[in-house]
**Student:** 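I have a structure I would like to understand better, so I am pasting it below and will then ask my questions one at a time.
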Amino acid sequence: LDVGVGVPLVSVKLTGTSTLTNGSGVVTRLAEGGGTFSGLGDISAQAKYRFKRFGTELNDTGGIAVLVNSHLPTGSRDNLRGLGITRTLIAGVASGAIGRIRPHVNGGFEYWSKGIQVPVNYATGATEEARHQIQYAAGVEVEASPKLTLMVTFIGRHIQGAGQVGFATDTTGLPAGITASESAVALGDGIRKIIAAPGLKVNLTGKMLLSVHALATMKNDGLEPKVTPVASLDLTF
């Protein structure tokens, strides 16, 4: 049985530009803005119970476990540090070993305490609800040396209900002189994401572990980030 609590400190930097262009291609109005928001994110509490062991206590080669992970709405939704809802994931986890190769897989369903309304038409104010999520992942680790492990993981998720990003053209309710406007909005379809995460883990000294990964998007129906580097330093007591 493993239990843990995660307290994330999040810093979000956001910049944006909005323009209004007339039929001749001339920009008649321009607005720019941005800011940096730092503080507490959504705190998580996790419990994992392994009910099937592979191998022995001295030669632990994995097993089958059940995982429960709950995220609490402690981060500010207005400042993009949280979603403002409670999310609870129930998942199955399996891992094994074949020599120096360790495959692993997991999958589960995340329940949201309430849905998130996303706009699909700014002219009418219509919205669609995004609620609940399916998560899954599979990967493999290779022990390249006693202190170096290479790995690659594929991470997928499906947000149900709404959230895909697209463009909508409005022709009603516009100011005088404007015949149509085009806006980026969320469509009434869920978001599907698949991310590849190659990386490595290095045992620096004693029980200090350095992990370095790169998150690369393979499929994303929402806002698509560039390649995201991730590094972490773990110290076990």
Side-chain angles (χ1 to χ4, degrees), residues 1-13 38 40-71 75 81 87-108 110 133-158 192-220 224-237:
L1 174 65
D2 294 335
V3 294
V5 176
V7 183
L9 300 177
V10 182
S11 180
V12 179
K13 183 178 180 181
S38 301
L40 185 66
D42 286 349
I43 293 176
S44 66
Q46 176 177 291
K48 181 172 65 175
Y49 180 75
R50 180 168 64 174
F51 56 88
K52 175 65 176 179
R53 179 197 296 271
F54 299 149
T56 64
E57 194 165 330
L58 295 177
N59 183 27
D60 193 336
T61 57
I64 301 175
V66 61
L67 168 72
V68 178
N69 190 3
S70 183
H71 287 80
R81 298 199 309 269
R87 296 169 287 149
T88 302
L89 171 69
I90 300 177
V93 183
S95 63
I98 306 172
R100 294 188 174 187
I101 301 175
R102 288 181 172 264
H104 57 86
V105 62
N106 67 72
E110 186 179 72
Q133 182 174 208
I134 297 171
Q135 297 186 22
Y136 50 91
V140 63
E141 298 182 1
V142 179
E143 183 184 343
S145 71
K147 289 195 173 185
L148 174 64
T149 300
L150 306 178
M151 66 195 70
V152 61
T153 302
F154 296 92
I155 306 166
R157 59 176 58 185
H158 177 199
R192 289 176 173 82
K193 298 183 178 183
I194 299 178
I195 297 173
L200 58 85
K201 292 190 293 187
V202 181
N203 180 211
L204 298 180
T205 179
K207 295 183 178 181
M208 183 177 292
L209 187 68
L210 172 66
S211 300
V212 180
H213 300 269
L215 306 181
T217 300
M218 300 179 63
K219 176 180 175 59
N220 194 334
E224 184 171 327
K226 298 179 181 178
V227 175
T228 305
V230 179
S232 66
L233 191 62
D234 298 301
L235 180 60
T236 303
F237 298 96

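A quick note: this is a predicted structure, and the numbers were derived from the prediction, not measured.
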**Student:** Minimum heavy-atom separation for Ile194 and Tyr136, please, with both atom names.
**Tutor:** CG1-OH, 4.2 Å
**Student:** Look up atom CG in Asn220 and atom CZ in Arg192, then write down how far apart they are to the nearest 0.5 Å.
**Tutor:** 12.0 Å
**Student:** Side-chain atoms of residues 99-108: list all donor-acceptor pairs with protein atoms under 3.5 Å, sequence neighbours left out, distances to 0.1 Å.
**Tutor:**
unit_1 : atom_1 : unit_2 : atom_2 : d
Arg102 : NH2    : Asp60  : O      : 3.1

**Student:** Using the side-chain contact (heavy atoms from CB on, under 4.5 Å) rule, pick out the option among Val227, Val230, Thr153 that qualifies with Leu215.
**Tutor:** Val230
**Student:** I need the minimum non-hydrogen distance between Ile155 and Ala197, along with the two atoms involved.
**Tutor:** CD1-CB, 4.4 Å
**Student:** Would a distance-only check, ignoring hydrogens and angles, find a side-chain to backbone donor-acceptor pair under 3.5 Å from Asp2 to Tyr49?
**Tutor:**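 No, because the side chain of Asp2 does not come within donor-acceptor range (under 3.5 Å) of the backbone of Tyr49.
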**Student:** Is it the case that the side chain of Arg50 and the backbone of Gly62 share a donor-acceptor pair, with hydrogens and angles ignored and the cut-off at 3.5 Å?
**Tutor:** yes
**Student:** To the nearest 0.5 Å, how far apart are OG1 in Thr236 and CE in Met208?
**Tutor:** 10.0 Å
**Student:** Can you tell me how far the CG atom of Asn203 sits from the NZ atom of Lys147, to the nearest 0.5 Å?
**Tutor:**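 That separation rounds to 5.5 Å.
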**Student:** Does Arg81 use its side chain to pair, donor to acceptor, with the backbone of Gly75 at less than 3.5 Å?
**Tutor:**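 It does not hold such a pair.
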**Student:** Looking at CG of Leu40 and CG of Leu9, how far apart are the two atoms once the value is rounded to the nearest 0.5 Å?
**Tutor:**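 Here the rounded value is 6.5 Å.
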**Student:** When rounded to the nearest 0.5 angstrom, what distance separates CG in Leu67 from NZ in Lys48?
**Tutor:** 7.0 Å
**Student:** Got a second to check how far Ile43's CD1 is from Ser70's OG, nearest 0.5 Å?
**Tutor:** 11.0 Å
**Student:** Knowing that exactly one of Leu200, Leu150, Thr149 qualifies, which makes a side-chain contact (heavy atoms from CB on, under 4.5 Å) with Glu141?
**Tutor:** Thr149
**Student:** Not counting sequence neighbours, which residues clear side chain to side chain donor-acceptor pair (under 3.5 Å) with Gln133? List them please.
**Tutor:** Glu110, Arg157
**Student:** Would you please test Ile195 and Thr228 for side-chain contact (heavy atoms from CB on, under 4.5 Å) and show each step?
**Tutor:** CA-CA 10 Å; Ile195 297 173; Thr228 305; over 6 Å; no
**Student:** For atom CD1 of Ile98, decide whether the heavy atoms of other residues, nucleotides or ligands shown that lie under 6.0 angstrom number more than 12.
**Tutor:** no
**Student:** State, to 0.1 Å, how close Val10 and Gly41 come at their nearest heavy-atom pair, and which atoms those are.
**Tutor:** CG2-CA, 3.9 Å
